[in-house]
Enquirer: 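Before I ask anything, here is the structure I am working with.
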Amino acid sequence: MNDPKERQSENLPCSFVIFGATGDLASSKLLPALFHLEVATRLAENLTIVAFSRRDWTLDSWREHLRTMLADEAKDKLEGPVFEHFLARFRYQQGDLNDVESYRALAANLPTESACSRTVFYLAIKPADFTAVIQNLEAVKLNQPRGMSRVVIEKPFGEDLESAQVLNRLLHQYFDEEQVYRIDHFLGKETVQNLLVFRFANTLIEPLWNRNFIDHVQITVAESIGIEKRADYYDRAGALRDMLQNHLMQLMTVVAMEPPAALEADALRDEKVKVLRSIRPIAKRAIHAHAVRAQYAPGNIDGQAVVGYQQEENVEANSLTETFVAVKFYIDNWRWRGVPFYLRTGKRLAKQTSLIAIRFRHPPQQLFRETPLESIAPNWVLLSIQPEKSMRLEIHVKQPGLDMDTRVMQLNASFLKTDEQALDAYETLLLDVIEGDRSLFIRFDEVEWAWRVVDPILRCLVPRCAGVIYSQLSRDILWDRYCMEAPVRQRRCVERYNIVKRA
Ligand code: BG6
């Protein structure tokens with residue numbers, strides 16, 4: 001998905017600066033992804049990586065940290081020339097995100113040929129620090145030359161529509177849109193990209209992909225982990241901002257979009273924006289019938305007691321931040337009018353699974369009336385994003401025998417052959433940033449339209465909520481066939497659910 005013009009600078013030296021290099025995102029995703037790319041010989045020789053952090057470390061202590069950090073997943077690869085080569089790419093810059101002098105020191109620490117090279121600035125930091133970094137980069141002219149530097153911003157982009165617009169205006173003061181890479185790592189996941197191929201490379205599928213044949217769509221990202229050590233960020237964000245406004249809505253756009261004219265950044269993004277613009281706004285009075293949020297209570301996982309959300313370290317004791325959210329959307333266009341899209345996500349749910357489930361309509365002809373088959377179940381297509389990367393088709397076949405009885409047969413196909421391994425989403429996306437391919441990154445109008453839809457929900461569900469939210473919808477989406485365990489206790493406006501994990 002590369003625009004050749006955007007890749008002109010590909011052979012120039014590149015510096016990849018990670019702000020927040022000792023933080024959670026860098027440790028769990030970015031650095032392992034860069035190392036895997038090194039092992040796969042996908043990193044250009046002239047790539048330098050600069051770790052920027054406030055810790056008072058030397059380059060040697062940083063390298064030690066890197067070794068310890070990668071030990072878990074790449075132990076067998078930490079000896080030998082590949083790892084040595086990886087270590088040799090690094091520079092370490094101690095600094096304070098709010099202090100312009102740290103950026104002067106950073107500029108001086110970049111490779112000397114960098115005046116004519118590309119520089120990527122990855123903001124793996126709290127959203128509250130974005131502004132300082134953007135302004136300080138400009139102050140020392142690290143945003144120049146404009147064609148050469150890129151800035152990568154993690155989601156959530158803003159915390160509502162207004163703050164997203166403010167952040168975007170700030171960015172555009174100092175960076176052109178071509179320099180801005182708004183990352184949503186779900187778009188880098190193999191199955192999500194495969195969805196485009198599944199839909200648009202198979203004549204079998206596309207004619208059925210509309211309201212005439214599809215009854216509803218469920219998009220679920222269920223996690224069994226809690227908030228880990230991210231209370232600082234999570235308690236302000238909650239599941240709506242952390243997952244639904246970005247990851248789940250992006251999945252919905254890929255399921256619902258029209259075929260783009262080409263696999264190019266803007267053609268793809270134009271189609272995604274059309275979907276977001278067609279989402280029916282949810283009227284204030286209808287919000288409780290369309291959305292539900294909940295928070296996890298104490299429970300146990302595999303026999304081990306685990307604390308509830310409010311007892312997590314650094315979470316306020318009375319916090320009402322949601323750790324589960326589910327919303328029903330309608331997309332009012334020719335293809336989808338009348339088809340509900342159920343989006344739901346939560347932490348500490350019964351199992352770890354990300355799934356797009358498409359339920360087809362009942363067959364129109366009651367051929368089997370007054371036989372045991374009268375209430376024949378509809379077909380499903382299940383696209384599993386993780387842990388399996390697979391497609392399952394459920395169809396009916398006749399059971400062998402004299403009676404007219406059916407059973408559901410599952411055609412289950414993994415997207416990977418046994419000896420294949422999917423790339424991690426970050427591996428794909430980091431390479432795209434380095435190479436200047438913006439297809440899988442978010443344009444601001446996508447962010448803006450997603451906030452327009454989510455903002456009223458945030459405003460209505462979050463503050464001053466004295467009543468209890470418990471709607472028909474919550475029962476539907478929590479209890480249906482692909483359900484997670486349901487809320488068991490209600491507390492003010494937040495439903496709480498117990499942590500249950502099946503063996
Ligand atoms: C992140 C969220 O964007 O995505 C996390 O901030 C969440 O809260 C994570 O756990 C899930 O991503 P993945 O790729 O691990 O499923």
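Just so you know, ligand 1 is whichever comes first in the structure, and atom 1 is the first atom listed for that ligand. Computed from heavy atoms alone, side chains included, the values below leave out hydrogens, waters and symmetry copies. We number each residue from 1, following the sequence as shown.
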Enquirer: To which of Lys347, Arg230, His185 does the heavy atom nearest atom 12 (O) of ligand 1 belong?
Expert: His185
Enquirer: In terms of atom number and element, which parts of ligand 1 are under 4.0 angstrom from non-hydrogen atoms of Lys29?
Expert: 14 (O), 15 (O)
Enquirer: Considering only distance and modelled atom types, tabulate donor-acceptor pairs under 3.5 Å from the side chains of residues 20-38, sequence neighbours left out.
Expert:
residue : atom : partner : partner atom : Å
Thr22   : OG1  : Ser53   : OG           : 3.0
Ser27   : OG   : Gly23   : O            : 2.7
Ser28   : OG   : Asp24   : O            : 2.8
His36   : ND1  : Pro32   : O            : 3.4
His36   : ND1  : Glu427  : OE2          : 3.0
His36   : NE2  : Glu73   : OE1          : 3.2
Glu38   : OE1  : His85   : ND1          : 3.4
Glu38   : OE1  : Arg89   : NH2          : 3.1
Glu38   : OE2  : Arg89   : NE           : 2.6

Enquirer: So among Arg241, Gln295, Arg293, which one has a side chain to side chain donor-acceptor pair (under 3.5 Å) with Glu322?
Expert: Arg293
Enquirer: Would you call Arg443 and Glu446 a salt bridge, taking side-chain N to carboxylate O under 4.0 Å as the test?
Expert: no
Enquirer: For Asn194 and Thr191, which I'm curious about, is there any donor-acceptor pair between the side chains at under 3.5 Å?
Expert: no
Enquirer: Please report which non-hydrogen protein atom sits nearest to atom 9 (C) of ligand 1, along with the residue it belongs to and the distance in Å to one decimal place.
Expert: Glu223 OE2, 4.0 Å
Enquirer: Assign the ring pair Tyr103 / Phe52 to parallel, tilted or perpendicular, where the plane angle (0 to 90°) is split at 30° and 60°.
Expert: tilted
Enquirer: Is it true that, when you exclude Glu177 itself, more than 12 heavy atoms of the residues, nucleotides or ligands shown sit nearer than 6.0 Å to its CD?
Expert: yes
Enquirer: Which of the atoms of ligand 1 are close to Lys189, meaning less than 4.0 Å from one of its heavy atoms?
Expert: 13 (P), 14 (O), 16 (O)
Enquirer: Show me which atoms of ligand 1 lie under 4.0 Å from any heavy atom of Asp242.
Expert: 2 (C), 5 (C), 6 (O), 8 (O)
Enquirer: Note the single closest protein heavy atom to atom 16 (O) of ligand 1, along with its residue, its atom name and the distance in Å.
Expert: Gln386 NE2, 2.6 Å
Enquirer: Check ligand 1 against Lys155 and write out every atom of the ligand that is under 4.0 Å from a heavy-atom position of the residue.
Expert: 1 (C), 2 (C), 3 (O), 6 (O)
Enquirer: When you measure from the heavy atoms of Phe186 to every atom of ligand 1, does any distance fall below 4.0 Å?
Expert: yes
